Amino acid sequence: MNMNFYVGTKVITGLDCVKNNADEFKRFGKRCIIVTGRSSAEKCGALGDVISVLEKVGTEYIIYNKICQNPTVSSCFEAAAEALSFGANFVIGIGGGSPLDASKAVAVVIANPNISEKDLYAMNWKYTPLPVVAVGTTAGTGSEVTSVSVLTNSVGRKKSFRSDLTYPALSFGDPKYTTFMSDGFTRSTAVDALAHCTESYFNRKANDISRAFAAEGIRKLMKTFRKIAVDGTEKLDINDLEELYNASLYGGYAISVTGTAFPHALGYFLTENYGIPHGTACAVFLNEFMDYNAEVEPDITSEFYQRIGSDADEFKALIAKITPETDVKLSDKDIEELAPRWENNASLAKNYGNVDVEFVNKLLRQLF
């Protein structure tokens, strides 16, 4: 039995968890930089809550609010430069996966101000990154409890690093922050959480603990997905949103052990080249992922459906129902130009069976 597991993050969840735990911020220092997007953190109330507790405990702060979806390495270096000038002792990331992933990179660069982009990704860090406090505002990323930072590099490609040193020291999860998300964003982030759980379950690196988290995350998602399939997202109440948020944390715990598999690996080009939101881009491949695993690992697939309390027909129908529609067409030339991406791809190697360039090309022709 493989029970290996490590997550270096203290997690506090529930309504008003930020406001009710002001003293938690004291231990990280007297100055910080808040890393967030243009407006979402303010609109959902998370930024206001964080500022109120910082003022309450006497912590000075500056705000860097230029993080976009699929954050760039350059923006992380820019934020770190501002933090260095300010003398920040720690980093607070507020938002979905983009600001939270960016905050980890900012923490690395502040501690290692002369580091290059290459060394950032290679984790050639001389000094330990600053502490990160993560305040999640979407129910999908799981970045609050992982060490992964996915950034768009200087040539426009999404690339990640992960280290035990970049787990957030503290994470807050208040489901009320997710009430401000649009229907499309709620769906996209929810299927991202589903992709995390599913890709982690069918993963060569999976163990008993990661599969327990993955299965529980999917059970929580299925309850809410059944409601969305009938009534859409507008009728979700705070309890439903809390289920989605908690499920995303379960997904984060699961991928902290395994990483992701081919839906994430293939989804990146849809985001980079066609602007498809990350979660949607991954979910596009989930039904084919399930069909593939049913063929190469029938016993694990059977166990999976038993554990989540569903069957293949319902599970795949819900994925199709919840995932926002996309309209991407690929020519044979497009597929050939993408092929180098699949050579020696670490996420493809984590799949059972043999997911190689030929397999991916065939799948892309089938779907697009």
Side-chain angles (χ1 to χ4, degrees), residues 68-73 96-98 101 121 140-141 148 150-160 182-200 202-203 255 259-296 312 315-368:
C68 58
Q69 289 191 43
N70 312 304
T72 62
V73 171
S98 294
D101 283 10
Y121 279 116
T141 173
V148 179
V150 182
L151 307 171
T152 302
N153 66 17
S154 55
V155 296
R157 292 275 292 272
K158 295 184 74 168
K159 187 176 179 181
S160 65
S182 66
D183 173 78
F185 206 65
T186 298
R187 290 171 182 266
S188 181
T189 53
V191 292
D192 188 23
L194 182 68
H196 289 159
C197 292
T198 307
E199 293 174 54
S200 180
F202 293 95
N203 197 298
I255 63 171
T260 53
F262 83 64
H264 265 70
L266 273 57
Y268 284 163
F269 88 87
L270 291 176
T271 299
E272 293 167 4
N273 298 348
Y274 301 95
I276 305 299
H278 169 69
T280 302
C282 299
V284 164
F285 300 98
L286 277 181
N287 277 340
E288 284 66 31
F289 184 68
M290 295 308 301
D291 289 341
Y292 170 78
N293 283 293
E295 180 179 343
V296 300
F315 187 70
K316 291 168 61 181
L318 283 174
I319 291 173
K321 184 76 173 179
I322 302 304
T323 304
E325 293 185 1
T326 59
D327 184 22
V328 174
K329 304 295 182 184
L330 298 178
S331 66
D332 285 341
K333 181 181 178 182
D334 293 330
I335 292 171
E336 290 173 5
E337 290 176 348
L338 288 167
R341 298 184 67 139
W342 322 131
E343 296 282 359
N344 301 314
N345 185 291
S347 290
L348 297 190
K350 293 176 185 176
N351 294 276
Y352 291 109
N354 182 32
V355 177
D356 56 13
V357 175
E358 182 180 353
F359 172 90
V360 174
N361 288 349
K362 181 179 178 181
L363 179 58
L364 294 180
R365 289 189 179 97
Q366 173 188 331
L367 290 175
F368 305 108

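Keep in mind that what you see is a predicted model, and the values were worked out from it rather than measured.
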Between T198 (side chain only) and A195 (backbone N and O only), is there a donor and an acceptor less than 3.5 Å apart? no

Under 3.5 Å, is there a donor-acceptor pair between the S331 and D334 side chains? yes

Could you tell me whether the side chain of E288 and the main chain of L363 form a donor-acceptor pair under 3.5 Å? no

Distance-minimising heavy-atom pair for E199 and H264: OE2-ND1, 2.7 Å

Checking N361 side chain against E358 main chain: does a donor-acceptor pair fall under 3.5 Å? no

Quick check for you: to the nearest 0.5 Å, what is the distance between T72 atom OG1 and L151 atom CG? 8.0 Å

With under 30° as parallel and over 60° as perpendicular, where do the rings of F262 and F289 fit, or are they tilted in between? perpendicular

Rounded distance (nearest 0.5 Å) linking atom CG of L286 with atom NZ of K316: 11.5 Å

Would you sort out whether V73 and K159 count as a side chain to side chain contact (heavy atoms under 4.5 Å, CB included), showing the intermediate values? CA-CA 10 Å; V73 171; K159 187 176 179 181; over 6 Å; no

Take L318 and L194 through the test side chain to side chain contact (heavy atoms under 4.5 Å, CB included) and record every step on the way to the result. CA-CA 11 Å; L318 283 174; L194 182 68; over 6 Å; no

Indicate the atoms forming the closest heavy-atom contact of G97 with T141, along with that distance. CA-OG1, 3.2 Å

Could you go step by step and tell me if Y268 and R157 meet the side chain to side chain contact (heavy atoms under 4.5 Å, CB included) rule? CA-CA 8 Å; Y268 284 163; R157 292 275 292 272; over 6 Å; no

Would you say CD of Q366 has more than 12 non-hydrogen atoms from neighbouring residues, nucleotides or ligands within 6.0 angstrom? yes

Could you tell me which non-hydrogen atom of V284 sits nearest to which non-hydrogen atom of L367, and how far apart they are? O-CD1, 4.3 Å

Looking only at atom types and distance, does a side-chain atom of Y121 sit under 3.5 Å from a main-chain N or O of S160, one as donor and one as acceptor? no

Minimum heavy-atom separation for K350 to T260, with atom names? CD-O, 3.4 Å

Please check: side-chain N/O of S347 versus main-chain N/O of A261, any donor-acceptor pairing under 3.5 Å? no

Could you tell me whether a side-chain N or O of E272 sits under 3.5 Å from a main-chain N or O of K158, the two making a donor and an acceptor? yes

Can you check whether S188's main-chain N or O pairs, donor with acceptor, with T280's side chain at less than 3.5 Å? no

What I'd like to find out is whether the side chain of V360 reaches to under 4.5 Å of the side chain of F285, using heavy atoms alone. no

Is the side chain of Y292 donor-acceptor paired with the backbone N or O of Y352 at a distance under 3.5 Å, no angle test? yes

To the nearest 0.5 Å, how far apart are CG in L364 and CG in D332? 11.0 Å

When you measure from the side chain of N70 to the backbone N and O of T152, does any donor-acceptor pair fall under 3.5 Å? no

What's the shortest heavy-atom distance between F269 and L266, and which atoms? CD2-O, 2.8 Å

Minimum heavy-atom distance D101-V148, with the two atoms named: OD1-O, 3.4 Å

Please report the interatomic distance CG(N287) to CD1(I319), rounded to the nearest 0.5 Å. 4.5 Å

